[in-house]
Protein chains: 4
Amino acid sequence: MSTSDSDGKLSKREQRREDRRDEIKQAAIKVFSEHGYHAAKVSQIVKEVGVAQGTFYLYFEGKEQIFGEILEDFLELVVSTIAAWEPSDLDTREALGSDLKRVGLLLTDVLMENREMTGIFFRESQAVNQELQTLIREFYETLLAMLTSFNRILHERGLIAKMNFRVLSSMTIGMVERVIKEYVVHGQLEDVPAEEVVDNLVVYYLSGTTRDIE
Amino acid sequence: MSTSDSDGKLSKREQRREDRRDEIKQAAIKVFSEHGYHAAKVSQIVKEVGVAQGTFYLYFEGKEQIFGEILEDFLELVVSTIAAWEPSDLDTREALGSDLKRVGLLLTDVLMENREMTGIFFRESQAVNQELQTLIREFYETLLAMLTSFNRILHERGLIAKMNFRVLSSMTIGMVERVIKEYVVHGQLEDVPAEEVVDNLVVYYLSGTTRDIE
Amino acid sequence: MSTSDSDGKLSKREQRREDRRDEIKQAAIKVFSEHGYHAAKVSQIVKEVGVAQGTFYLYFEGKEQIFGEILEDFLELVVSTIAAWEPSDLDTREALGSDLKRVGLLLTDVLMENREMTGIFFRESQAVNQELQTLIREFYETLLAMLTSFNRILHERGLIAKMNFRVLSSMTIGMVERVIKEYVVHGQLEDVPAEEVVDNLVVYYLSGTTRDIE
Amino acid sequence: MSTSDSDGKLSKREQRREDRRDEIKQAAIKVFSEHGYHAAKVSQIVKEVGVAQGTFYLYFEGKEQIFGEILEDFLELVVSTIAAWEPSDLDTREALGSDLKRVGLLLTDVLMENREMTGIFFRESQAVNQELQTLIREFYETLLAMLTSFNRILHERGLIAKMNFRVLSSMTIGMVERVIKEYVVHGQLEDVPAEEVVDNLVVYYLSGTTRDIE
DNA sequence: TATGAATGAGTCTTCATTCAT
DNA sequence: TATGAATGAAGACTCATTCAT
């Protein structure tokens with residue numbers, strides 16, 4: 001998300017270009033978030049930034065492309081947030097629990113800071129075109145694969161019970177996803193502190209996977 | 001699903017009208033399912049049925065309206081399926097488990113029989129307009145309320161542990177939802193039999209809510 | 001050009017459709033002829049007919065397509081005019097001469113009746129797109145092939161001298177073409193009667209091919 | 001062609017300016033030749049030269065203007081080539097023939113060296129705007145007038161027969177033109193040596209104008 | 001009821017040209 | 001002179017909806 005591409009310095013001109021791009025992208029996020037992809041007009045986006053219609057096309061190929069880019073940004077944000085998580089040694093269920101809470105809170109923070117993008121993602125990213133549908137499908141496949149293998153490892157370490165790990169992973173993703181929708185997108189659970197929400201998720205996950213180990 | 005107002009008999013003319021309506025609606029489901037709401041064209045729907053463009057408007061107010069109606073059908077289908085479920089006495093966790101399996105399989109059956117509508121629902125029902133967003137929000141609120149109160153009762157009967165029941169309900173919904181997406185919509189878990197999938201869901205739910213009662 | 005497709009009768013509805021199509025096509029010819037392809041607006045065409053913008057697209061795929069169709073009509077008109085010509089026995093140069101005059105006058109008539117299309121053809125048919133360039137190239141190839149073989153036959157019958165017949169054909173086409181441009185398109189030679197113009201062409205052709213037969 | 005005002009030397013600065021102008025013009029010829037006037041973009045031209053978009057406008061008024069200038073260059077090239085021809089005394093048809101061959105080959109050479117411009121001229125110079133259409137019309141009028149008067153003189157010297165000299169000139173121009181298109185632009189007659197092509201043209205012209213003098 | 005031709009508002013996109021630096 | 005970012009006018013095309021027959 002930051003513009004520090006390949007950590008290199010950008011020339012002043014390049015910097016200005018990046019800034020302008022970002023400015024437009026932010027405006028697009030706002031407009032998409034308010035009206036949805038189909039109802040959003042390029043004219044609204046440029047008006048938001050205060051530039052001419054043509055300027056938009058100097059930075060993006062079109063409405064579809066910028067939407068795709070925004071979506072990719074979001075997916076990358078989520079993946080990198082999760083990937084940034086350094087699991088501790090995880091030799092006890094307690095350690096596992098506190099680790100999960102940590103990553104859960106981290107993700108919550110990030111998504112809360114990007115509520116609009118999160119909302120766009122859930123509300124209609126699938127409805128734009130086939131390409132994005134595929135992108136999202138792959139995103140879920142990645143998550144699913146990551147979680148499945150993670151669960152398998154936990155099982156080998158005797159931390160969770162034997163289950164159909166793919167189904168387990170699906171359930172876990174759905175569980176988290178729904179809570180995010182309620183909490184982040186709809187602000188429905190707002191009276192409940194994030195900690196408690198995450199706590200419930202983790203406890204549920206842990207208990208749900210305990211069964212016959214005990 | 002049928003518009004059998006007051007369960008009464010329909011005159012031949014009314015019956016014919018109903019049939020035609022249904023025919024168009026089925027075609028619309030097919031077209032929406034294949035192309036998505038925005039890419040779907042009224043012309044495709046009528047071609048599918050083999051009637052003229054104008055005929056469509058004799059039965060439906062327009063594209064948005066028929067989509068809304070299809071969505072409402074779906075929501076009603078889901079709600080009525082769940083509502084049709086007569087919980088047994090549920091005095092033990094075993095009874096609860098088998099009951100949940102029963103309703104789970106029931107729902108799976110119904111959704112599998114209506115895969116296209118299920119897909120439409122998940123993929124983009126939110127993206128059409130504000131009105132439908134509200135409708136769907138209310139649907140979830142209803143589910144949430146039902147589950148929350150259900151969970152509370154179970155807790156009172158000592159069947160499940162004390163938790164934040166709203167969060168618990170959210171999690172449960174998401175869990176089920178995600179699995180439905182994978183299983184029904186994407187056909188992703190197809191090698192796993194429905195029984196096993198449902199079984200995993202129920203076990204997970206039960207364990208996840210067990211914690212400190214034992 | 002006539003709508004008597006495959007000599008079959010058209011139903012009333014089909015007939016009306018054909019009429020409307022033709023009406024639009026005539027308007028398009030007028031607009032293209034006045035403004036040229038690029039400067040011509042679809043909006044001008046429909047205004048000319050007195051229908052809405054969308055109506056245009058019920059009958060034609062777009063601006064490019066209708067232009068192509070008009071051009072094809074023209075090429076077919078020319079080819080069929082020439083093809084309609086039944087050469088007489090042609091055993092003497094006199095017979096050849098009078099025959100050539102006949103077809104020349106025929107062609108002149110047809111082109112004069114379709115001045116606008118003729119003008120469009122010469123002025124910019126090449127400039128529209130590659131596809132049309134190819135079409136036109138093929139048209140010339142056809143003419144060239146026809147003429148070349150025709151000239152060869154005349155030579156075999158001892159009516160014209162031995163020459164490079166392909167070059168001869170090219171020259172002949174160009175000669176005729178230029179005169180058409182002056183006479184039909186620019187109205188430049190208008191004081192000269194068509195008969196005289198054609199006469200000059202024929203005499204020139206005949207003398208130009210006489211050389212060593214005498 | 002060059003802007004060498006008063007045939008004087010150009011200062012270094014002026015020289016550099018001229019060079020840059022020419023560079024851009026050459027690039028424009030290339031781009032126009034490849035894509036045609038309408039499809040050609042100023043951005044392509046400047047990219048070809050390696051300068052910025054704005055630079056183009058330091059040297060030319062715009063796309064239309066540079067095209068016009070290129071076209072004028074071409075017309076001047078043709079006219080000056082013909083004008084450069086010093087007719088010999090021309091008292092016999094043999095002398096006339098060899099003279100015509102000479103100028104024919106000269107013209108062929110020049111056009112072959114400027115194939116791209118030649119192609120631009122034939123393909124779509126007419127389609128750009130009214131102004132150029134007029135320019136081209138005048139060019140043809142000039143040629144026509146030159147040829148007409150030339151033919152008249154030849155007739156007076158008893159070298160060619162009496163004909164409608166304007167029509168004759170038109171025919172001659174068309175004849176040459178078509179052959180040029182085939183030979184220079186389309187490379188269609190490439191297997192035939194230039195000499196033969198020109199020879200055919202001259203012979204045809206001479207025979208075509210012989211008729212009753214003999 | 002059924003038809004399907006006609007409507008026309010609505011939006012994305014292109015690209016020649018300008019101008020502040 | 002050179003740059004290149006910004007401009008903004010202009011137009012093709014789509015498609016849900018209407019309505020005369």
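Protein chains get the first letters and strands the later ones, always in sequence-line order, with residue 1 at the start of each. All values reported here derive from a predicted model rather than from experimental measurement.
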Electrostatic pair D:E14-D:R17, nearest N-O below 4.0 angstrom: no

d(CD, C:E23; P, E:dA5) in whole Å: 15 Å

Between E:dT1 (P) and B:E18 (CD): distance, integer Å: 11 Å

Any donor-acceptor N/O pair, B:E124 side chain to B:Y37 backbone, under 3.5 Å: yes

Side-chain N or O of B:Y59 closer than 4.0 Å to phosphate OP1/OP2 of E:dT1: no

Sugar-phosphate, base or nothing in reach of A:R16, heavy atoms under 4.0 Å: nothing

Considering all heavy atoms, the nearest B:K25-B:I70 contact: CG-CG1, 3.8 Å

Secondary structure string for DNA chain E (Watson-Crick or G-U under 3.5 angstrom, | for other-strand pairs): .||||||||||||||||||||

Identified side-chain contact (heavy atoms from CB on, under 4.5 Å) counterpart of A:S125 within the set A:L135, A:L75, A:L71: A:L71

Separation of atom OH in B:Y37 from atom P in F:dA16, rounded to whole Å: 8 Å

Nearest-Å distance for atom pair CD1/P, residues A:I66 and E:dC12: 12 Å

Whole angstrom value for the distance that separates C1' of F:dA2 from CD1 of D:I24: 11 Å

Closest non-hydrogen atom pair, D:A40 against D:F32: CB-CD2, 3.5 Å

Nearest-angstrom distance from the residue atom CG of B:N129 to P of F:dA16: 15 Å

Under 4.0 Å protein heavy-atom contact, by nucleotide of nucleotides 13-19 of chain E - B base, S sugar-phosphate only: BBSSBB-

5′-ward residue of the pair D:R20/A:V51 relative to DNA chain F: D:R20

Aromatic C:F56 / basic C:K63 pairing, under 6.0 angstrom, 45° off normal: no

Sidechain-backbone polar pair: B:K41 side chain, B:A39 backbone, donor-acceptor under 3.5 Å: no

Under 3.5 Å: donor-acceptor pair, side chain of A:R123, backbone of B:Q126: no

D:R21 CZ - F:dT1 P separation (whole Å): 12 Å

Under 3.5 Å side-chain donor-acceptor pair for A:Q44 and A:E48: no

Spacing between C:F60 atom CZ and F:dA12 atom P, to the nearest angstrom: 15 Å

